[in-house]
Amino acid sequence: MTVPYNHREIEEKWRKTWEEHPINVNDGKKEKYYCLDMFPYPSGNGLHVGHWRGYVISDVWSRYKLMHGYYVIHPMGWDAFGLPAENYAIKHHVHPEISTNDNIRNIKRQIKQIAAIYDWDMEVNTTDPKFYKWTQWIFVQMFKHGLAYEKKMPINWCPSCKTGLANEEVVNGRCERCGSPVTKKNLRQWMLKITAYADRLLDGLKDLEWPEKVKKMQTDWIGRSYGAEVDFQVDGRDEKITVYTTRPDTLYGCTFMVMAPENPMAKDLATEGQKEAVEKYIYETSLKSNIDRMQDHEKTGVFTGSYAINPMNGKKVPIYLADYVLADYGTGAVMCVPAHDDRDFEFAKKFGLPIIQVIAKDGKEIPDMQEAYTQASGTMINSGEWNGLESSKLKKEAPEMIEKKGFGRKTTNYKLRDWVFSRQRYWGEPIPIIHCPKCGAVPVPEDQLPVLLPEVESYEPTGTGESPLAAIDSWVNTTCPCCGGPAKRETNTMPQWAGSSWYFLRYVDNKNDKELVSKEKADKYLPVDMYVGGVEHAVLHLLYSRFYTKFLHDIGAIDFDEPFKRLFNQGMITGKNGIKMSKSKGNVISPDDLVEDYGCDSLRVYELFVGPPELDAEWDDRGIEGVYRFLTKFWRLVQEQKDRDVPETRKLLQLRNKLIKDITDRIETFSLNTAISKFMEYNNAMCNLAKDGGVDKKTLSVYTQLLAPFAPHIAEEMWQELGNEGSVFESTWPEYDPQYLEDDEVQIPVQLNGKARAVIEMPKDASKEEVLSKAKEAVSSKLDGKTIVKEIYVPGKIVNLVVK
RNA sequence: GCCGGCAUGUCGGAAUUGGCAGACGAGACAGACUCAAAAUCUGUUAUCCGCAAGGAUGUGUGGGUUCAAGUCCCACUGCCGGCACCA
């Protein structure tokens, strides 16, 4: 009787060994490979099996790279500023630092159970003053380069979190964190000029090995469009209204103009008779919530009484106010061409405005238009000097033509807005600025960083637009670093994204108190080669990080301007029926018990086996049994075979080489779930061979090597038991010999009229004639009274006989 | 509304990219071992007809291309995700 597979003992043993003798060492000669996980927020709920999956995926990849001879940078840290810790503090009157540190301790314990090759010497924590000193330093640099600026403007405000939000944090009109409807609040804000990088953020995407989906989301978010600004004279006045359009080719079809009700000129345009109606409309619009305005697509509007003059043909067009025009995009006013724009068409129909077709559809002018013709293809009509031109061509050329005529200019517009960067909350990095009545906003001198987050009596957000820090007079009142006079500190804090926008740079030089990261280490270890994390950060964290990296590149702090060469988005693990795991739903599965019962290796393998890593998967505890049985079988197989002296047959060589190819290909394509299936298949095949002659040690050792990234403990143990030297992770990833990949005999299915009827076995180099004659023989009983009209043979694959 | 993605047994999922649909695993059922249970091992398990050999049907729906379609083309339905009046 052999000893049973005792995962507890084995895993404990290797955990200790690896702690004493790390397997991933930097000898200064190896090439680096940086494999990064999205670092977790240390929540009080701890990790669930979904978090585990991402970390297992990245660890399999890291260990795979390790076995290819790389020094693998695989760090872990804590994204620890943020609302939950603060809310906990408010409720329990505990300093957030205390609860945060408790949570970190617990999550670190859980992460260690994964047995990933994290280098804990590199650990970072965004709430550590030694870390956020550099978060603040970056802000100061941005300020000095004109990229951080103050502005008073109506911003997105979450009434529940009592703080301002960035555009990216508003999802369908609701707060990304708590789901409350977002309102507008006019506040003085710190902004980051991310729009200055719009083109580079867009153009840089094309060279990244990222999922197309994420690239597309960022592309759409940045939303670049090319067009023209056109100046319309207001009839009878000295003023001009400038509109932005992507369809300057349709300028002759403009029959009215619409301005956003929030536009500062709006009130002014109202003529005596329309004043009351205009003011009423502006007031009513101001009462509408973001969500109402988004959902209600029914067109409303009001005529101002004023007219604008179309510079192309001198025609007078009425000016309306309508809330379907956005105040903060383009110029906040649009020229309306109902014949060729859906929204304008709808508005024109509702308000009885004329519709002039300027592009022929199918070569014709439509007598009674029922819907707008929005495509830029067709010949221009009703367009004066432009008649006869092709619209798609004119669309591109018109901006310059307009520019030459002097009533407009070629323009590019973006949906991306500058980043609202200040938060009116406690648990974040203080913005390192001092307001001096004489000198204005002055950055805190770099040698005085970090500006420590002070102790405060109440963490409660005030809701007034001031952060709780504003209540600490002793902290707020300071002296101006510039003139030495009395001055006040900035009391807003930074958003949670501040630290996560650059943390990956810090891991490789986390103790440096002179620089954010030394030039030498940055050149040697950065950027990130592979980034693994959820898709939920597609436009938040991943866009911000790219912006920070480009900025740090521009000021010479680093030499690259894209942080993450390759990105892998793992799917979410959900509870039953695809319901997201959450404490409130009570469907959270903790990995702790599973590790205890089945072991780390079993859970690692099962996390991958549940489905394709990039797709969501429903968790089902029962499946882990199958994985545990598989590891047990493999363990037993090695016990039975390790002391035998089995010769290396051609059959074993073929199995071994095919195994290497199958597993390697599947890791390379991230098809980790089918890699596990293949392991199981080959394990069964080896068990059968074991009964029949045995399995040689070389084959078992190769299997062990391939399994090592997935189930490191059992692999290390088996590697040793099979008599191999050193750690399996010091061994080199096996390579296959193509000459052993093909079987000597191939099985060829025989179809009659496309339906499988028999399978014949043929030598792999059999001729077409031999195969066909054998095939006919195999199905002869089914050929009675039928004639073969066509014979198809795909070499080595299939025979199809078409019969009548 | 626009743009993506997906749809395969009881369940999770596989299918070398046009070549035996259902690998691998879960679950279920039957058998072996056991006083018994657990564990383990063996077998069966898409559906329908049939005692069986065998046959027919079958990858969301309807059509098409092909010797051959889960895979390609056209139309549609459902679910998921992103954007949402961006002129």
Side-chain angles (χ1 to χ4, degrees), chain A residues 4 171-173 211-214 216-221 223-225 227 243-248 250 254 257-258 260 293-299 322-326 328-337 340-344 346-347 374 413-417 535-536 538-539 578 605-606 609-612 614-627 629-630 632-633 636 661-662 665-666 671 673-684 747-759 781-782 789-794 796-803:
Chain A
V171 180
N172 292 326
E212 287 307 316
K213 183 185 170 179
V214 176
K216 186 159 187 315
M217 280 168 75
Q218 291 210 357
T219 304
D220 291 349
W221 189 260
R224 180 163 63 192
S225 70
V243 300
Y244 170 71
T245 179
T246 55
R247 294 297 302 277
T250 64
C254 169
M257 183 185 274
V258 171
R293 213 166 146 173
M294 261 161 75
Q295 282 169 352
D296 188 11
H297 279 207
E298 177 75 30
K299 296 283 174 290
D323 67 1
Y324 80 90
V325 171
L326 304 175
D328 60 351
Y329 180 76
T331 59
V334 298
M335 65 172 218
C336 297
V337 185
H340 302 287
D341 181 279
D342 290 326
R343 298 149 300 182
D344 298 347
E346 201 189 320
F347 193 86
T374 55
N413 246 308
Y414 304 88
K415 290 187 195 174
L416 183 71
R417 297 293 126 82
V535 74
E536 66 273 15
V539 286
V605 173
Y606 184 57
F609 191 55
V610 286
E614 70 280 10
L615 298 183
D616 292 354
E618 270 180 39
W619 188 261
D620 183 354
D621 264 352
R622 289 179 301 188
I624 196 172
E625 295 270 359
V627 165
R629 281 180 205 140
F630 151 62
T632 307
K633 266 195 229 171
R636 263 205 311 255
K661 182 172 188 334
D662 273 343
D665 286 355
R666 281 169 167 76
S671 185
N673 55 324
T674 61
I676 306 298
S677 301
K678 281 289 164 194
F679 274 122
M680 290 171 170
E681 275 180 57
Y682 280 97
N683 192 42
N684 291 338
Q747 300 213 318
I748 299 175
V750 181
Q751 298 182 329
L752 283 186
N753 292 341
K755 283 184 182 150
R757 283 295 177 260
V759 178
S781 64
K782 295 173 183 107
V789 293
K790 198 166 182 185
E791 296 169 348
I792 289 137
Y793 173 52
V794 183
K797 286 257 170 88
I798 203 161
V799 171
N800 191 10
L801 303 173
V802 185
V803 297

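Below, chains carry the letters A, B, ... as their sequence lines are ordered, and counting in each starts from 1.
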Starting at atom [atom1] of [X], determine the distance to atom [atom2] of [N], rounded to an integer number of angstrom.
X	N	atom1	atom2	result
A:Arg636	B:A39	CZ	P	13 Å
A:Lys213	B:G82	NZ	P	7 Å
A:Lys797	B:A69	NZ	C1'	15 Å
A:Lys633	B:A39	NZ	C1'	14 Å
A:Leu615	B:G4	CG	P	19 Å
A:Tyr329	B:A84	OH	C1'	14 Å
A:Glu625	B:A38	CD	P	13 Å
A:Lys415	B:C83	NZ	C1'	7 Å

Across all strands, who's sitting opposite [N] as a Watson-Crick or G-U wobble pair, both distances under 3.5 Å?
N	answer
B:U40	B:A32
B:C85	none
B:A26	B:U10
B:C72	B:G64

Identify whether any heavy atom of [X] sits under 4.0 Å from a base atom; if not, whether one sits that close to sugar-phosphate; answer base, sugar-phosphate or nothing.
X	value
A:Val243	nothing
A:Arg666	nothing
A:Asp220	nothing
A:Asn684	sugar-phosphate
A:Lys661	nothing
A:Lys216	sugar-phosphate
A:Val802	sugar-phosphate

For the [atom1] atoms, the ones on [N] and on [M], what distance do you get once it is rounded to whole angstrom?
N	M	atom1	answer
B:A37	B:A28	P	16 Å
B:C48	B:A38	P	30 Å
B:U34	B:C11	C1'	31 Å
B:G27	B:C80	C1'	27 Å
B:U40	B:U47	P	26 Å
B:A36	B:G54	C1'	43 Å
B:A21	B:G60	P	16 Å
B:U61	B:U10	P	14 Å

Shortest non-hydrogen contact between [X] and [Y], atoms and distance:
X	Y	result
A:Asp620	A:Tyr606	O-OH, 2.6 Å
A:Gly330	A:Tyr244	CA-CB, 4.2 Å
A:Gly332	A:Val325	O-CG1, 3.7 Å
A:Thr246	A:Ser225	CG2-OG, 3.8 Å
A:Val627	A:Met680	CG2-CE, 4.1 Å
A:Cys336	A:Val258	SG-CG2, 3.7 Å

Polar side-chain contact A:Lys299-B:C85 base: donor and acceptor under 3.5 Å: yes
Reported OG1-to-CD distance for the pair A:Thr219 and A:Glu212, which is rounded to 0.5 angstrom: 9.0 Å
Rounded distance (nearest 0.5 Å) linking atom CZ of A:Arg417 with atom CH2 of A:Trp221: 9.5 Å
Per-nucleotide protein contact string for nucleotides 7-12 of chain B, where B marks a base within reach and S marks sugar-phosphate only (heavy atoms under 4.0 Å, - for neither): -----B
Choose from [options] the nucleotide whose nearest atom is closest to any side-chain atom of [X].
X	options	value
A:Asp323	B:A84, B:C85, B:A87	B:C85
A:Arg622	B:G55, B:G27, B:A87	B:G27
A:Pro612	B:A14, B:U40, B:G19	B:A14
A:Trp221	B:A14, B:C20, B:A84	B:A84
A:Arg629	B:A26, B:C20, B:C24	B:A26
A:Asn172	B:A84, B:A21, B:A56	B:A84
A:Asn800	B:G25, B:C67, B:A87	B:C67
A:Tyr324	B:U57, B:C85, B:G19	B:C85
A:Glu681	B:A23, B:A87, B:A26	B:A23
A:Val759	B:C83, B:C20, B:A23	B:C20

Residue whose nearest RNA chain B nucleotide is more 5′ - A:Ile792 or A:Asn673: A:Asn673
Comparing A:Tyr606 and A:Asp341 on RNA chain B - which has the more 5′ nearest nucleotide: A:Tyr606
Qualifying residues under salt bridge (charged side-chain N to carboxylate O under 4.0 Å, His left out), relative to A:Asp220, sequence neighbours excluded: A:Lys216
Anti versus syn assignment for B:U61, with syn defined as within 90° of 0: anti
N-glycosidic conformation, B:G58 - syn within 90 degrees of 0, else anti: anti
A:Lys790 side chain near B:A68 phosphate (N/O to OP1/OP2, under 4.0 Å): no
A:Ser225 side-chain N/O to B:A87 phosphate OP1/OP2 under 4.0 Å: yes
Plane angle bin for A:Tyr324 and A:Phe347 - parallel if under 30°, tilted between 30 and 60°, otherwise perpendicular: tilted
Derivation of the salt bridge (Lys or Arg N to Asp or Glu O under 4.0 Å) call for A:Arg247 and A:Asp341: CA-CA 10 Å; A:Arg247 294 297 302 277; A:Asp341 181 279; over 6 Å; no
Option passing side chain to side chain contact (heavy atoms under 4.5 Å, CB included) with A:Cys254 (candidates A:Val337, A:Val334, A:Val243, A:Asp344): A:Val337
